[in-house]
K.L.:
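First, the structure itself, so that you have it in front of you.
Every value quoted in this text rests on a predicted model; they were computed, and no experiment measured them.
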Amino acid sequence: MMISRFKTFSLNVRGRLLRYERPAVMGIINATPDSFFAASRTPDRDSISRRAAEMIAAGVDMIDVGAYSTRPGADPVGVEEEIDRLRMAIVAVREVDQRIPVSVDTFRADVAGLAVTEMGADIINDISGGEFDDKMFDVAAATGAPYILTHNPGTESNLHPASGYGDVVADVTRWLGSRLRTLALLGVNDVIVDPGFGFGKSIEDNYRLMAELALFEMLGRPILVGVSRKSMIYRPLGIEPADAHDGTTALNTVALLSGASILRVHDVKSAVQTVKLIQLLDSNK
């Protein structure tokens, strides 16, 4: 029988040691008018509050707030606009729940620093792995916030470059390992690794990473998987993001069986249910 490879992990969130005995579900809140999945757009305070309340009622473990769309072809967002959107969004989430861990989805070091020190964010989720802003690792060290290290071969002006790997699993593992060593030298040890599904990777690359996800355990860090409604699901199926819920659940199940620690999702309820069912499977192994 196939069983989950999940390993218990903990995060130090502002002095609170949060221990996760099961995979965590991270809900996505997009404070932007142009996310690739239209139904996830929550560009105003009321819609963010409603979405946060729905996620919390569904059993979400943490909420990821972003204000810069990374979909292919999206318009750039200025620093001040990103800050204003994030401030509004994080305040709205905090009005719903003061203690739910909140991550800030940004690749800008100054924005990440403000979000943690002034807005109430707890975790830095950097889709660039520190590559777009050379101050990001220093900010992670200075704030003491847990840091999500994402593999991304792109640039700020080209978030989705053409892929070109010798061995995508080996290349991504080496890249993540190198940056983990740099972070450790700076005193940043509370790190979550994200293989970066969809960033500079072909459909085939993405599925190879998913098939070999368990190999990332060698990095010794919690593994975040974010495939929710992405093109690796809807393009092979010839559908749109709005129709990719079932495919997302299928791949989340594979990820959980392969050792995923955190699922980053638009659809919290189904992800929470999937985690519970995998737990039942584990309890009967």
K.L.:
Taking 4.0 angstrom as the limit, do Asp61 and Arg22 come out as a salt bridge?
P.N.:
yes

K.L.:
Would you say the side-chain atoms of Ser49 and Glu95 include a donor-acceptor pair closer than 3.5 Å?
P.N.:
no

K.L.:
So, Arg16 side chain and Asn12 main chain: donor-acceptor pair closer than 3.5 Å or not?
P.N.:
no

K.L.:
Ignoring hydrogens and geometry, is there a side-chain-to-backbone donor-acceptor pair from Asn206 to Met232 under 3.5 Å?
P.N.:
no

K.L.:
How about Leu183 and Asn189: do any of their side-chain heavy atoms sit closer than 4.5 Å?
P.N.:
no

K.L.:
Is Asp105 salt-bridged to Arg264, cutoff N-O under 4.0 Å?
P.N.:
yes

K.L.:
Give the minimum heavy-atom separation between Ala140 and Ile124, together with the two atoms involved.
P.N.:
CA-CD1, 4.1 Å

K.L.:
Is any side-chain heavy atom of Leu256 closer than 4.5 Å to one of Arg5?
P.N.:
no

K.L.:
Check whether any side-chain N or O of Ser10 sits under 3.5 Å from a backbone N or O of Arg19 as a donor-acceptor pair, and report yes or no.
P.N.:
no

K.L.:
Would a distance-only check, ignoring hydrogens and angles, find a side-chain to backbone donor-acceptor pair under 3.5 Å from Thr106 to Ala112?
P.N.:
no

K.L.:
Are Asp243 and Arg229 close enough for a salt bridge, meaning some N to O gap below 4.0 Å?
P.N.:
no

K.L.:
What heavy-atom pair brings Phe199 and Lys230 nearest, and what distance separates the two atoms?
P.N.:
CE1-NZ, 4.2 Å

K.L.:
With side chains defined as the heavy atoms from C-beta onward, is the minimum distance between Asn30 and His266 less than 4.5 Å?
P.N.:
yes

K.L.:
Using salt bridge (Lys or Arg N to Asp or Glu O under 4.0 Å), reason through Arg108 and Asp126 one step at a time and then give a plain yes or no.
P.N.:
CA-CA 8 Å; Arg108 290 168 168 154; Asp126 174 17; over 6 Å; no

K.L.:
Could Arg94 and Asp97 be called an ion pair, given the rule that one side-chain N must be under 4.0 Å from one carboxylate O?
P.N.:
no

K.L.:
Ignoring hydrogens and geometry, is there a side-chain-to-backbone donor-acceptor pair from Asn284 to Leu280 under 3.5 Å?
P.N.:
yes

K.L.:
Working to the nearest 0.5 Å, report the span between OG of Ser258 and CG of Leu215.
P.N.:
9.5 Å

K.L.:
So which residues get pulled into Ile262's cluster when ILVMFWY side chains under 4.5 Å apart are joined, directly or through others?
P.N.:
Phe6, Phe9, Leu11, Val13, Leu18, Tyr20, Met26, Met62, Ile123, Ile148, Ile192, Leu224

K.L.:
Side chain of Lys201, backbone of Tyr207: donor and acceptor closer than 3.5 Å?
P.N.:
no

K.L.:
Measuring only between side-chain heavy atoms, which start at C-beta, is Leu209 closer than 4.5 Å to Phe216?
P.N.:
yes

K.L.:
Any chance you could measure Thr143, atom OG1, to Asp122, atom CG, to the nearest 0.5 Å?
P.N.:
10.5 Å

K.L.:
Is any side-chain heavy atom of Tyr165 less than 4.5 Å from a side-chain heavy atom of Pro153?
P.N.:
yes

K.L.:
So Ser128 and Asn152, side-chain hydrogen bond (donor to acceptor under 3.5 Å, both in side chains) or not? Walk me through it.
P.N.:
CA-CA 5 Å; Ser128 82; Asn152 187 342; over 6 Å; no

K.L.:
Report the C-alpha distance between Arg179 and Glu131 in whole Å, list the side-chain angles of each, state the deciding distance to 0.1 Å, and finish with yes or no for salt bridge (Lys or Arg N to Asp or Glu O under 4.0 Å).
P.N.:
CA-CA 10 Å; Arg179 280 146 187 81; Glu131 290 293 289; 3.2 Å; yes

K.L.:
Closest approach of Ser231 and Ile203, non-hydrogen atoms and distance?
P.N.:
O-CD1, 3.7 Å

K.L.:
Could you tell me if Asp267 and Ser270 have a donor-acceptor pair between their side chains, going purely by distance under 3.5 Å?
P.N.:
no

K.L.:
Mind listing the closest non-hydrogen atom pair of Ala121 and Ile90 along with its distance?
P.N.:
CB-CD1, 4.1 Å

K.L.:
Is the shortest side-chain heavy-atom distance between Val111 and Ile83 below 4.5 Å?
P.N.:
yes

K.L.:
Can Glu81 and Arg85 be counted as an ion pair, charged N to O under 4.0 angstrom?
P.N.:
yes

K.L.:
Give the minimum heavy-atom separation between Ala271 and Val265, together with the two atoms involved.
P.N.:
CB-CG2, 3.8 Å

K.L.:
Can you tell me if Asn125 uses its side chain to pair, donor with acceptor, with the backbone of Tyr147 under 3.5 Å?
P.N.:
no

K.L.:
Take Val272 and Val60 through the side-chain contact (heavy atoms from CB on, under 4.5 Å) test and state the conclusion after the steps.
P.N.:
CA-CA 7 Å; Val272 169; Val60 78; 5.8 Å; no

K.L.:
Got a donor-acceptor contact below 3.5 angstrom from the Asp171 side chain to the Val168 backbone?
P.N.:
no

K.L.:
Verify side-chain contact (heavy atoms from CB on, under 4.5 Å) between Leu180 and Leu219, making sure each step is shown before the conclusion.
P.N.:
CA-CA 8 Å; Leu180 283 171; Leu219 295 171; 4.0 Å; yes

K.L.:
Taking the side chain as everything from C-beta on, heavy atoms only, tell me whether Leu213 gets closer than 4.5 Å to Pro195.
P.N.:
yes

K.L.:
Is the closest side-chain donor-acceptor distance between Thr249 and Asp246 under 3.5 Å?
P.N.:
no

K.L.:
Hey, does Arg45 have a side-chain heavy atom less than 4.5 Å from the side chain of Val91?
P.N.:
yes

K.L.:
Can you see which heavy atom on Leu149 is nearest to which on Phe137, and at what distance?
P.N.:
CD1-CZ, 4.2 Å

K.L.:
Looking just at side-chain N and O atoms, do Thr274 and Asn252 make a donor-acceptor pair shorter than 3.5 Å?
P.N.:
no

K.L.:
Check whether any side-chain N or O of Arg14 sits under 3.5 Å from a backbone N or O of Gly144 as a donor-acceptor pair, and report yes or no.
P.N.:
no

